[in-house]
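Beneath this line is the structure, given in structure tokens, with notes to follow.
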Amino acid sequence: MESLHPRIRLLWIARGALAAVVLAVALVVLDQWRLTVPTVAIGVVVALALVLVVAYAVRLYQVWRFELQDDALYLERGVVTFVETAVPFVRVQHVDTQFGPIERVLGLSSVVVYTAGSRNADVRIPGLTPDRARSLQETLRELAVESEAEDAV
Amino acid sequence: MLALQRGVTGFSMPFFFVMISASVVDFVAIDWIFWLAPIGFVAGAGYGIAYYYRFGYAVTADTVDVSSGVFSRRSREIPYRRIQNVDVSQGLLQRVLGVAVVSIETAGGGDTEATLHFVSEDEAERIRSEIRRLTASTAASTADPDADRPESADESTSPSDPTRRDRPEDGATPTQLFELEVEELLLYALSSFRWGAAVFPLVLVVFLTGSDSGTGLVPAFVIDAARPFGGPATLEGVAIGPLLVVIAVSLVQWSVFTYVSSAIYTVANYYGFRLGRAGEDFVYERGLVQRYSGSIPVEKVQSVSVTENPVQRLVGYAGLWVETAGYGPDSGSSNQSAVPLAGTDRVYRFAENLTGVETPEFRSPPRLARRRYLVRYSIVAAVIVAAAVGLTQVSTFERWYLTAVVFVAVPPAAHLKYVNMGYFVGDDHLVIRSGFWNRRTTVIPYYRIQTISTRRSIFQRRLELASLTVDTASSRTFAWGTPTIYDIDLETAREIHGTGRERLQSALRERARTDDLDLSVDFT
């Protein structure tokens with residue numbers, strides 16, 4: 001089982017912090033506009049949100065695992081709902097590597113695997129070094145071609 | 001050839017565009033109409049003519065080519081192998097003029113891939129049979145459809161039907177598999193309740209109140225209808241009791257209207273439903289005013305579902321649906337009704353014959369699951385009571401404790417949910433059943449599995465339970481949700497997870513060897 005790159009925690013924390021900031025702004029606006037919210041309360045709520053975000057990111061990193069098995073890509077993830085997914089190589093339609101602005105700053109990228117399935121249509125593996133992402137994409141592509149079914153859908 | 005087909009394509013197109021533009025303009029203030037309508041007319045007609053001249057299609061040896069667009073051009077080639085289903089629909093006016101709309105669906109994208117507006121009826125039929133013929137010949141080596149199928153003695157269709165006897169081999173004329181009889185249609189209309197129909201009464205009210213005297217937000221007849229039951233004469237400064245009466249009476253009215261319009265909708269849509277087979281395709285036909293017809297290649301069927309609501313279960317009827325990865329005329333998902341309603345035994349037999357699944361012996365989730373639902377529904381009930389308590393704070397409503405009655409419904413609800421759940425791990429199929437209000441039994445061939453997931457929420461983890469989600473390419477999952485076995489033991493879930501994966505691989509190997517479809521077109 002392979003883990004993600006530890007720096008992914010920073011990415012998740014950054015995203016969560018962004019949400020916390022949005023929450024703080026919303027509370028301040030509410031305070032100015034309608035009813036008075038004590039400044040202490042705002043501080044406590046935002047601090048609590050930040051703590052939760054950090055705990056969530058750390059925990060998510062701990063549980064996130066993936067593996068290339070003989071017939072399928074296998075993933076384990078999720079803090080609130082723990083999900084184990086198997087994506088058979090035959091079902092892989094195409095594979096992307098992606099990186100967003102924060103990911104680029106942190107030197108990380110994601111591999112996104114698409115199947116013809118409708119829900120969870122894209123399986124995303126975040127937090128990979130660009131090299132690993134590229135090699136994983138390559139491997140997946142080869143495995144998908146190798147095991148190609150005669151009729152996909 | 002293209003030019004000739006173009007000639008046949010929608011000569012009535014401009015006419016329709018005029019109709020549409022004129023009706024749109026109607027909504028604008030009255031005095032605008034006199035000068036806007038001609039402009040709309042000219043613009044619509046102009047666009048229609050331009051669209052018509054810029055539209056072309058061709059049925060070639062390997063692909064269906066469509067090029068269209070007035071301002072931005074698009075040309076598209078659809079390989080036959082990728083076509084999911086072909087649907088033809090005809091509105092009332094279109095039937096009078098003898099034209100039809102042909103839609104070609106593939107698994108890609110979120111939309112119909114090619115729509116040929118207004119081709120003549122004959123042309124539509126020609127395109128469809130051509131596509132069917134070419135698709136069949138492209139499919140490299142299809143197993144002989146009639147090889148090992150017993151000639152089933154058939155009681156499903158009327159014995160007087162002559163087409164059943166001489167079974168055509170090439171599928172030129174479809175063999176009838178199922179015909180919806182009048183009583184089945186009426187039963188279907190009366191027993192199915194479509195939430196979508198709930199907007200009809202609202203639209204009606206908007207139209208009616210729009211035309212006569214404006215009584216504000218609440219139309220007069222709502223108050224008039226409620227008065228005999230103790231409703232108030234006006235809504236000005238009314239007490240909470242009479243107001244509740246008004247709300248209750250209008251809710252009843254609304255439900256009745258919804259029920260009636262839903263029944264009318266069902267009758268109009270499924271009147272004269274016929275399903276047949278032509279070669280390796282299902283062909284269907286239905287509709288009273290607007291006619292729908294189309295074909296579904298059996299090898300594109302992703303999964304098969306049987307649906308029954310409580311009323312239908314009571315009278316022993318059920319419906320059969322086949323799902324492909326394309327998008328059908330029904331609410332954007334390709335849920336094709338193979339048999340809208342028929343006796344439960346027959347429907348289950350159809351499903352078994354169609355998929356070749358053995359008669360399922362359903363297993364239930366552990367009893368622990370029922371406890372979960374008990375807790376879950378108790379929370380819902382508690383929220384309702386809490387809301388009532390909240391209401392006492394802001395209104396004159398006092399007796400919040402009356403709402404505690406909802407707790408009585410909790411145990412039966414949890415039990416009903418529990419007893420309607422089941423799953424069966426077959427040799428070649430996974431069968432999943434769930435739902436009380438709309439019980440669905442879905443048969444998924446292992447071969448169609450796209451991804452398979454075991455999910456555990458924090459609550460499930462505490463009880464060592466898990467849910468198994470089996471994703472297929474069927475596009476019905478948008479409307480109905482991904483087939484899931486809820487709340488089974490973690491061990492069982494892991495086991496089925498493994499079984500699913502293994503059998504997918506072995507089914508793939510098997511298919512590579514024999515290229516045999518496990519689906520049977522002739523399911524009756």
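Throughout, a chain's letter reflects where its sequence line sits, starting with A, and its residues are numbered from 1. Computed over heavy atoms, backbone and side chain alike; hydrogens, waters and symmetry mates excluded.
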Kindly indicate, with the supporting measurements, whether the criterion side-chain contact (heavy atoms from CB on, under 4.5 Å) is fulfilled by V90(A) and Q505(B). CA-CA 9 Å; V90(A) 222; Q505(B) 298 300 329; 4.0 Å; yes
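- If you tally non-hydrogen atom pairs under 4.5 Å between each of V79(A), V87(A), L75(A), V80(A) and chain B, the highest count goes to V80(A).
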Would you sort out whether E84(A) and R455(B) count as a salt bridge (Lys or Arg N to Asp or Glu O under 4.0 Å), showing the intermediate values? CA-CA 6 Å; E84(A) 301 158 33; R455(B) 313 172 70 91; over 6 Å; no
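- Among the candidates I452(B), L504(B), I458(B), the residue making the largest number of heavy-atom pairs closer than 4.5 Å to chain A is I452(B).
- Taking a 6.0 Å sphere around OH of Y373(B), one finds it holds more than 12 heavy atoms contributed by other residues, nucleotides or ligands.
- A cation-pi arrangement, defined by a distance under 6.0 Å to the six-membered ring centre and an angle within 45 degrees of its axis, is absent between R501(B) and F89(A).
- Distance check, rounded to the nearest 0.5 Å: OG of S453(B) to OH of Y74(A) gives 10.0 Å.
- A 4.5 Å side-chain heavy-atom check between V83(A) and T454(B) finds every atom pair outside the cut-off.
- For residues 40-71 of chain A, a heavy-atom distance under 4.5 Å to chain B picks out Q69(A), D71(A), given by residue number.
- Separation of atoms CG (L73(A)) and OG1 (T451(B)) is listed at 10.5 Å; rounding is to 0.5 Å.
- Contacts of residues 459-468 of chain B with chain A at a heavy-atom distance below 4.5 Å involve R461(B), listed in sequence order.
- Neither the backbone nor the side chain of V92(A) comes within contact range of chain B, judged by heavy atoms closer than 4.5 Å.
- Looking at residues two or more places apart in sequence or on another chain, you find a side chain to side chain contact (heavy atoms under 4.5 Å, CB included) between N438(B) and T307(B), R440(B).
- Among residues two or more places apart in sequence or in another chain, the side chain to side chain contact (heavy atoms under 4.5 Å, CB included) test is passed with E502(B) by none.
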